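Everything quoted here is computed from the prediction, not taken from an experiment. Protein chains get the first letters and strands the later ones, always in sequence-line order, with residue 1 at the start of each.
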Amino acid sequence: MATVVEPRIAPVKNDNLWYASDSMPPDMAPSGPIAEMWDKHRFEMKLVNPSNRRKFTILVVGSGLAGGAAAATLGEQGYNVKCFCYQDSPRRAHSIAAQGGINAAKNYRNDGDSIYRLFYDTVKGGDFRARESNVYRLAEVSVNIIDQCVAAGVPFAREYGGLLDTRSFGGAQVARTFYARGQTGQQLLLGVYQGLCRQIDRGMVKMYPRTEMLDVVLVDGVARGIITRDMVTGAVEAHAGDAVVLCTGGYGNVYYLSTYARGSNATAIWRAYKRGALFGNPCFVQIHPTCIPVKGEYQSKLTLMSESVRNDGRVWVPKKVGDNRPPGQIPEDERDYYLERMYPSFGNLAPRDIASRAAKRVCDEGRGVGPGGLGVYLDLADSIKRLGKKVIEERYGNLMEMYEQITGENPYEVPIRIFPAVHYTMGGLWVDYNLMSNIPGLFVGGEANFSDHGANRLGASALMQGLSDGYFVLPSTVPDYIASTKFKPVTTDDPAFKEALNETNVRVKRMLSIQGEKTVDDIYRELGQVMWEFCGMGRNDADLRTGLARIPKLREEFWQNVRVPGEGAELNQQLEKAGRVADFLELGELMFIDALHRTESCGAHFREESQYPDGEAKRDDENFRYVAAWEYNGADKPVLHKENLDFEYVHLAVRSYK
Amino acid sequence: MNLTLKVWRQKNAQDAGRFETYTTSEADPEMSFMEMLDIVNQDIIRKGGDPIAFDHDCREGICGTCGVVINGVPHGGHGTTTCQLYMRHFKDGETITIEPWRARPFPVLKDLIVDRAALDRIIVAGGYISASTGSAPDANGILVPKPDSDAAMNYAVCIGCGACVAACPNGSAMLFTAAKVAHLNLLPQGQPERYTRTANMVAQMDKEGFGGCTNHGECTAVCPAHIDMSAIARLNRDLLAATLKGVA
């Protein structure tokens with residue numbers, strides 16, 4: 001069991017934006033050789049007698065790969081599980097939108113893959129800002145995930161002999177990615193959802209769809225429940241339990257435009273932060289290189305073209321600045337296949353952060369294509385010639401269809417246009433090896449935690465982490481916590497629940513009472529612009545300070561001048577959105593502070609002041625080889641705790657893909 | 001683009017509901033249908049009104065949350081979800097009628113939002129393979145012929161939007177139910193529960209009040225996942241077998 005952060009010892013003022021602290025909760029990673037850690041830990045963890053399990057209630061928030069799998073597996077074990085999601089059905093969690101695939105160290109191709117290599121690639125891909133022990137476990141259980149999914153009926157792509165097919169993905173030189181056409185996330189999520197339905201059928205899981213978590217409740221410093229709002233009736237309710245598991249996804253929607261579902265939000269993790277949970281590396285945001293470019297101001301959402309298309313597509317822009325001939329008229333020798341040129345060994349499969357920055361660079365040089373010059377070509381022509389249209393159709397059929405619907409262009413005839421877009425957040429609530437936050441009883445899984453991807457996530461690793469946390473890690477560590485904790489009986493009559501209920505009700509009423517001039521979207525869009533412009537792909541001190549200065553003004557504008565129509569006690573989509581935006585308006589500020597404090601470049605976080613002469617990111621291991629874990633400090637400045645990262649197995653090295 | 005919208009407005013499940021008319025001059029052919037509704041809503045809010053409630057989430061055609069009846073056709077009739085329908089399919093000056101899914105098992109919650117929990121309950125009744133976590137054999141220990149795997153995938157891509165129900169003159173959920181039955185029953189892993197699954201899911205479908213299938217084919221015509229009626233043939237075959245085996 002993790003200990004709570006110790007009281008701060010003489011906070012030191014630092015740059016006037018935050019306090020620094022020397023204390024940090026332990027990471028709880030077992031000792032011994034890394035390859036034996038998880039096995040050893042599983043043996044050492046305490047168990048709950050099967051007949052006692054039903055006496056414990058576990059509240060799981062979120063029903064995606066991590067939350068759905070955790071809820072189903074804990075239900076299967078015999079615990080009393082309540083699972084909450086804001087969607088109308090658990091089958092709609094945004095894991096469903098993942099396209100390309102899921103990594104696993106099966107080495108079915110006999111191409112030199114191993115658990116150790118997946119571990120190595122993930123630590124290196126994350127630019128040495130992840131905890132080795134967690135990443136090793138992730139690589140280790142990756143093989144069980146594929147077994148589990150196949151047993152549950154996930155129709156992965158197969159070869160003619162009936163064996164599973166795999167493909168290669170960005171940041172790896174082996175073909176370890178399992179896939180189901182361009183809908184891998186959908187098929188994995190439906191597998192999880194069906195397992196969850198089985199437990200609902202057995203009466204082990206009670207599902208609460210269209211229910212949004214608005215607060216976490218601590219009794220004597222321990223997580224004992226949550227506050228929710230029924231999105232149909234508007235009723236604000238309390239739920240008590242013995243452990244709370246947050247699997248509520250990432251916070252990329254702070255940028256307004258992103259590849260996230262419109263409803264994806266940070267409220268659950270932000271409320272937990274405000275109750276004392278540490279927030280790890282908030283500025284680590286993945287900008288995905290292959291999204292369909294922005295079209296107009298009305299745009300509500302950006303759509304991804306799976307990175308797997310980079311397997312068969314070549315990325316290029318014209319060599320000449322301002323060359324606006326149609327792509328077909330630009331001869332071969334006047335094209336710059338810049339990824340192949342700059343990164344010959346990885347070429348079009350360079351990791352996401354590197355590919356995104358390269359795209360930004362060529363567009364900044366004025367060589368971008370399409371409206372506004374904010375795009376690059378992803379050209380399938382060579383592959384169509386080599387493999388035939390049918391094979392490409394089989395591999396990416398649904399993506400091609402989607403691209404055509406969105407752009408009105410036929411991708412089999414004209415090269416696809418892509419541009420980077422916000423896609424994933426590596427940051428999230430800080431957790432220890434058991435995936436428990438510094439608040440006892442509060443567990444965090446999937447994208448909502450900060451853990452395994454460091455400063456940059458490799459393609460096809462999010463699905464792996466979600467299912468690793470949900471199927472295998474949480475169902476071991478949550479019972480260990482339950483077995484080793486003496487629970488004081490708590491009901492929702494406890495004053496802590498009453499107080500939290502009251503705070504939530506007051507907040508809802510306040511938002512409805514402002515009745516100002518601006519719509520929620522007016523302010524939200526402005527926030528998104530500030531985040532993208534000043535805390536986007538390239539960051540520097542001056543920009544970050546400019547952006548940071550604008551956030552409090554926006555927040556004030558929101559609380560003085562927003563107009564939320566309707567009432568609280570009804571289905572009110574504007575009210576839902578207002579609550580989420582109010583939290584983004586606070587989270588954005590912490591992201592700026594985190595980005596300002598980390599003056600090195602690492603992974604997705606590129607500080608323009610910290611680069612090599614060739615423009616590659618320059619990491620500063622001497623000063624920043626740590627996880628920044630931020631503590632909420634009321635109206636005062638946040639407190640920075642540091643988890644130092646030791647690399648015993650993967651040796652610190654400049655991350656080169658040349 | 002100038003558009004006139006006739007939109008179904010209904011405060012809650014108890015309200016009788018009615019059409020109301022809105023106009024916009026700010027629509028753009030490159031906008032998605034949802035983005036067009038966003039703009040109309042912003043205008044309603046600025047004028048002090050209550051915006052139109054409609055379900056949507058991923059806005060990339062995969063989550064299955066969105067779905068309205070557009071000019072009498074679920075999702076508007078271009079082989080996509082509502083969120084992937086672009087305004088270039090409409091004409092300047094057109095009047096567009098927008099309604100919620102209409103089916104007895106889908107009560108309207110507000111405006112264009114319906115409750116589709118009945119579809120979840122059909123899956124809960126048996127739309128799964130009982131594979132407890134940790135008990136799986138090596139993934140390549142189960143060989144699946146590629147044609148079977150590909151066919152299973154063709155059915156597994158159902159997004160659960162419910163357009164099939166909304167399009168069916170009988171309000172049947174047959175295509176939805178059959179897609180899951182066909183997906184799981186085609187795979188070797190799905191065989192042990194094949195007939196009980198089929199019988200239980202069909203029984204639940206009937207219990208929810210969905211109508212029977214009389215092979216109109218309206219369902220497959222509007223299905224954004226392009227699931228064809230062979231799914232229903234497969235379901236019927238397995239239901240017959242289940243009856244003969246005494247399971248149904």
Side-chain angles (χ1 to χ4, degrees), chain A residues 73 76 87-89 91-92 94 96-97 106 108 144 146-148 150-153 155 157-164 180-181 183 186-187 190 193-195 197-198 200-201 209 232 261-263 295-296 298-301 303 402 405-406 408 471-472 475 519 521 563 565-566 570-571 573-574, chain B residues 12 28 30-31 34-35 38-39 42 45-46 49-51 53 55-65 80 84 86 88 109-110 113 115-117 119-120 123-125 127-133 135-140 142-146 149 152-153 156-157 160 183-184 187 189-190:
Chain A
T73 306
E76 207 169 86
Q87 297 88 347
D88 73 321
S89 161
R91 68 177 293 151
R92 310 204 197 281
H94 200 52
I96 205 156
K106 281 287 197 186
Y108 282 159
N144 305 107
I146 301 303
D147 299 343
Q148 183 59 37
V150 167
R158 290 185 181 261
E159 297 172 340
Y160 282 98
L163 298 166
L164 289 159
R181 293 189 196 148
Q183 291 123 297
Q186 179 198 31
Q187 292 310 313
L190 293 180
Y193 161 73
Q194 287 160 208
C197 285
R198 176 172 162 238
I200 296 170
D201 196 16
V232 178
R262 289 314 289 152
K295 289 195 289 187
Y298 49 79
Q299 193 140 358
S300 62
K301 140 107 198 172
T303 305
M402 185 180 73
Q405 277 151 17
I406 294 175
Y471 273 139
F472 298 106
T519 67
D521 270 343
R563 176 181 295 182
E570 64 172 357
L571 197 161
Q573 293 178 308
Q574 289 294 314
Chain B
N12 50 43
D28 185 292
E30 291 306 307
M31 262 175 201
M34 310 254 107
E35 283 163 353
D38 287 344
I39 284 189
Q42 291 296 303
I45 299 169
R46 277 185 232 288
D50 191 23
D55 259 335
H56 64 95
D57 204 22
C58 78
R59 295 204 176 190
E60 54 185 272
I62 193 75
C63 75
T65 308
T80 66
Q84 290 295 288
Y86 282 77
R88 68 180 88 95
L109 296 176
K110 186 177 182 180
I113 298 180
D115 180 359
R116 286 168 293 190
L119 297 182
D120 285 321
I123 302 295
V124 166
Y128 50 77
I129 289 170
S130 297
S132 296
T133 309
S135 59
D138 183 82
N140 262 349
I142 307 167
L143 294 179
V144 183
K146 184 167 159 57
S149 172
M153 181 66 186
V157 293
H183 157 212
L184 298 177
L187 296 171
Q189 307 92 297

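- In this view, Arg91(A) satisfies the salt bridge (Lys or Arg N to Asp or Glu O under 4.0 Å) rule with no residue, not counting sequence neighbours.
- Judged purely by distance below 3.5 Å, without hydrogens or angles, the side chains of Asp521(A) and Gln42(B) pair a donor atom with an acceptor atom.
- For Glu60(B) and Thr303(A), the side-chain atoms include no donor-acceptor pair closer than 3.5 Å.
- The nearest pair of heavy atoms linking Arg158(A) to Ile142(B) is NH1-O, 3.3 Å.
- In this structure, Asp28(B) does not pair ionically with Lys295(A), as no charged nitrogen and carboxylate oxygen lie closer than 4.0 Å.
- At a 4.5 Å heavy-atom cutoff, the contact between Pro155(A) and chain B is made by backbone and side-chain atoms alike.
- Only the side chain of Leu187(B) comes within contact range of chain A, with at least one heavy atom under 4.5 Å from a heavy atom of that chain.
- Heavy atoms closer than 4.5 Å to chain A are found in the side chain of Leu184(B), but not in its backbone.
- Here the straight-line distance linking atom SG of Cys63(B) with atom CG of Asp88(A) works out to 8.5 Å at 0.5 Å rounding.
- Under a 3.5 Å cut-off, the side chain of Lys110(B) and the backbone N or O of Leu571(A) do form a donor-acceptor pair.
- The minimum heavy-atom distance between Asp147(A) and Pro137(B), with the atom names listed, is CB-O, 3.4 Å.
- The CG atom of Asn140(B) lies 4.5 Å from the CG atom of Leu164(A); values are rounded to the nearest 0.5 Å.
- For Asn144(A), no part sits under 4.5 Å from any heavy atom of chain B, backbone or side chain.
- With a threshold of 4.5 angstrom between heavy atoms, Leu190(A) approaches chain B through side-chain atoms but not through N, CA, C or O.
- The ring-ring contact (aromatic ring centres under 6.0 Å, His included) test applied to His94(A) returns no partner, not counting sequence neighbours.
- Distance CD/Gln573(A) to CG/Asp50(B): 10.0 Å, rounded to 0.5 Å.
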Check step by step if side-chain contact (heavy atoms from CB on, under 4.5 Å) holds for Val157(B) and Gln187(A). CA-CA 7 Å; Val157(B) 293; Gln187(A) 292 310 313; 4.3 Å; yes
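- In terms of heavy atoms, Met153(B) sits closest to Ala180(A) at CE-O, 3.6 Å.
- Electrostatic pairing of Lys146(B) and Glu159(A) does not count as a salt bridge here, judged by no charged N lying under 4.0 Å from a carboxylate O.
- Nearest heavy-atom pair, Lys301(A) versus Glu35(B), reported as atom, atom and distance to 0.1 Å: N-OE2, 4.1 Å.
- Top candidate by heavy-atom pairs under 4.5 Å with chain A, chosen from Ser135(B), Gly61(B), Gly160(B), is Gly160(B).
- Summarising the geometry of Val150(A) relative to Gln189(B), their closest heavy-atom pair is O-NE2, 2.6 Å, with the distance given to 0.1 Å.
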Run the side-chain contact (heavy atoms from CB on, under 4.5 Å) test on Ser132(B) and Arg198(A) for me, step by step, so that the C-alpha distance in whole Å, both residues' side-chain angles and the decisive distance to 0.1 Å come before the verdict. CA-CA 10 Å; Ser132(B) 296; Arg198(A) 176 172 162 238; 3.3 Å; yes
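- Nearest heavy atom pair, residue Pro51(B) against residue Pro565(A), reads CD-CG, 3.6 Å.
- If you take OH on Tyr298(A) and CG on Asp38(B), they are separated by 12.0 Å, rounding to the nearest 0.5 Å.
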Checking Tyr128(B) against Ile200(A) for the side-chain contact (heavy atoms from CB on, under 4.5 Å) test, could you report, in this order, the C-alpha distance in whole Å, the side-chain angles of both residues, the deciding distance, and whether it holds? CA-CA 11 Å; Tyr128(B) 50 77; Ile200(A) 296 170; over 6 Å; no
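- Heavy-atom pairs under 4.5 Å with chain B were tallied for Gln148(A), Arg563(A), Gln87(A), Gln183(A); the largest tally goes to Gln148(A).
- Although no hydrogens or angles enter the test, the distance criterion places no donor-acceptor pair under 3.5 Å between the side chain of Asp120(B) and the main chain of Ser89(A).
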